[in-house]
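Take a look at the structure below.
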2 protein chains.
Amino acid sequence: MGITDRKLRQKEEVRASILDTAWEMVVTEGWQSFSIRKIADAIEYSVPVIYSHFENKDAILLEFNRKGFQLLNEALAKAKAATDIPAEQIRAMGRAYWDFAFQNKEYYQLMFGLGIPTCETVNKIPAIASFSDTIISTLVAMVAPGRKPSFDPFLKYQSFWSMLHGLVSINMSALGNRPDAPSGHEHANLPLQVLGDVMCSFIRGIEAQENEQPN
Amino acid sequence: MGITDRKLRQKEEVRASILDTAWEMVVTEGWQSFSIRKIADAIEYSVPVIYSHFENKDAILLEFNRKGFQLLNEALAKAKAATDIPAEQIRAMGRAYWDFAFQNKEYYQLMFGLGIPTCETVNKIPAIASFSDTIISTLVAMVAPGRKPSFDPFLKYQSFWSMLHGLVSINMSALGNRPDAPSGHEHANLPLQVLGDVMCSFIRGIEAQENEQPN
DNA sequence: AATTTTGCCTAACGGTGTTACAAAAAGTAA
DNA sequence: TTACTTTTTGTAACACCGTTAGGCAAAATT
């Protein structure tokens, strides 16, 4: 059946153009101008056509969420693969997380900034689980097997991620600016210094715990 | 002129009722039902009356932002005053920050979650500067005067705050849940453990740096 | 060629923030 | 008390938003 094929293909094209157009609008005009009506206008279809491809607005956002976590996972995997030393992997992943956030502000804002993800949302995005897996497995590899009396990988994973997310979101807002702000480009790369500082104390914290005596 | 006084008093009453009613609605129904029209309905005035007290919706939010930072500052100051040991002050303030966030979710969501604060917003809220001052002064007190070769208080302040904010925002969303999630209340207080973990490595990081050799 | 199915659009519903303008109330002066 | 002025308030509109019901026309099927 060639006709059915062509129809499926065309339907898929419209779906893709919805996503593409919507994303282009978000990147150029920000999330505040993400609107079903504007998308419909841009793709030169009427509004209900969009609803024949997506249940509602959130369904489109969910799609972008998926894509975002997929991209983030790829970035982390790539950073991790660059070395074999677990501590270096952690450091590289921290940097990759940072870079992803600032090279894809719109994704990051959607994934972690805008609507606080609900449980359902999390369950709909398997890539979130993959994200935590990548980090946790590296953390486990960091402590030599056997002597880790009070080491909880999930706890350390949350610490790691919390530090990164806090750092990113503060620096993405105006809250990260130095209050005195003297001439201008004096501490232009302070955020990266903070990142390094935070990663150092995190890694040192784990290594210190590793040398702990079993009780 | 008693009449002018009474008018001012009445005007102030309406203004207060706008804020009170709006806040009550936010607390009971969440931020998504924060609407000028609903407020007008609740205070039994027409919509334009609200615009005679506030320039627009954002002006009302700004007011809540002010109040939120004021409350946060009070909580931090109280925690700080409980001890004289700087490291303990930092620890107490971290805990106070955490408690504030979860005892005032709506405030926290407004202050750090919803709209990413712009530079203008930050400048309109002097309490934000006071927030950073409180923390930075404690950090400065932590390192013995004289031997602190590479100690940047603002950098440490950002680290401190980043960790706290990341921790809070992750645990306020569904992203902080353990993926396996066995029976239910097994690791109910894991977040507090993570908080303690993060604070420990932060304080240890500063103390380690204090023992650094000047170069 | 007649009929069913499909795809699409118009137009509406109920909601939002914001504002122009008119009516009503309150204060002031004669 | 009456006439005038100022202030306060409400009505109704504008321009958006997400979402959906219903009908029309083209396409596919019989």
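Note on naming: letters A, B, ... go to the chains in the order of the sequence lines (proteins, then strands), and numbering restarts at 1 for each one.
Listed candidates were D:dC17, D:dT11, D:dT20. Nearest to the side chain of B:P48 is D:dT11. Here the nucleotide nearest the side chain of B:S46, chosen from D:dT11, C:dT18, D:dT19, is D:dT11. Closest contact between the side chain of B:R6 and the listed nucleotides D:dG18, C:dG27, D:dT11 involves C:dG27. With C:dG27, C:dT19, D:dT19 as the candidates, the nucleotide lying closest to the side chain of B:K7 is C:dG27.
Using cut-offs of 30° and 60° on the angle between ring planes, the pair B:W23 and B:W31 is perpendicular.
In this structure, B:L8 places its CG atom 13 Å from P of C:dG27, rounding to the nearest Å. The distance from atom CD1 of A:I36 to atom P of D:dG18 is 6 Å, rounded to the nearest whole Å. B:K57 has its NZ atom 18 Å from the P atom of D:dC16, to the nearest Å. Rounded to whole Å, atom P of C:dC9 lies 12 Å from atom CG of A:D41. The CZ-C1' distance, from B:F34 to C:dG17, rounds to 11 Å in whole Å. Rounded to an integer number of Å, the gap from CD of B:Q10 to P of D:dT9 is 8 Å. Distance, B:I50 CD1 to C:dT18 C1': 12 Å, rounded to whole Å. For the pair B:I39 CD1 and C:dG17 C1', the computed distance is 11 Å after rounding to whole Å.
Of all the residues in residues 11-25 of chain A, not one reaches under 4.0 Å from DNA chain C with any non-hydrogen atom.
With hydrogens and angles left out, the side chain of B:R37 and the base of C:dG15 share no donor-acceptor pair within 3.5 Å.
The shortest non-hydrogen separation linking B:A22 to B:F64 is CB-CZ, 4.0 Å.
Contacts of A:Y45 with the nucleic acid, taken as non-hydrogen atoms under 4.0 Å apart, involve only primed sugar atoms and P, OP1 or OP2. Contact annotation for A:F54: no contact, since no heavy-atom pair falls under 4.0 Å across all strands.
Contact annotation: B:S35 reaches the phosphate of C:dG17 (side-chain N/O to OP1 or OP2, under 4.0 Å).
In terms of position on DNA chain D, the residue among A:N56 and B:V49 whose nearest nucleotide sits closer to the 5' end is B:V49.
Atom CD of B:E55 has 12 or fewer neighbouring heavy atoms from other residues, nucleotides or ligands inside a 6.0 Å radius.
Between the side chains of B:K80 and B:T138, at least one donor N or O lies within less than 3.5 Å of an accepting N or O.
Side-chain contact between A:M142 and A:Q89: absent, with no pair of heavy atoms (C-beta onward) separated by less than 4.5 Å.
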Query raised in the report: After noting the C-alpha distance and the side-chain angles of A:R95 and A:D99, does the key distance pass the salt bridge (charged side-chain N to carboxylate O under 4.0 Å, His left out) rule?
Result: CA-CA 6 Å; A:R95 178 58 192 260; A:D99 288 341; 3.2 Å; yes
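Between B:I136 atom CD1 and B:L155 atom CG the span is 10.5 Å, to the nearest 0.5 Å.
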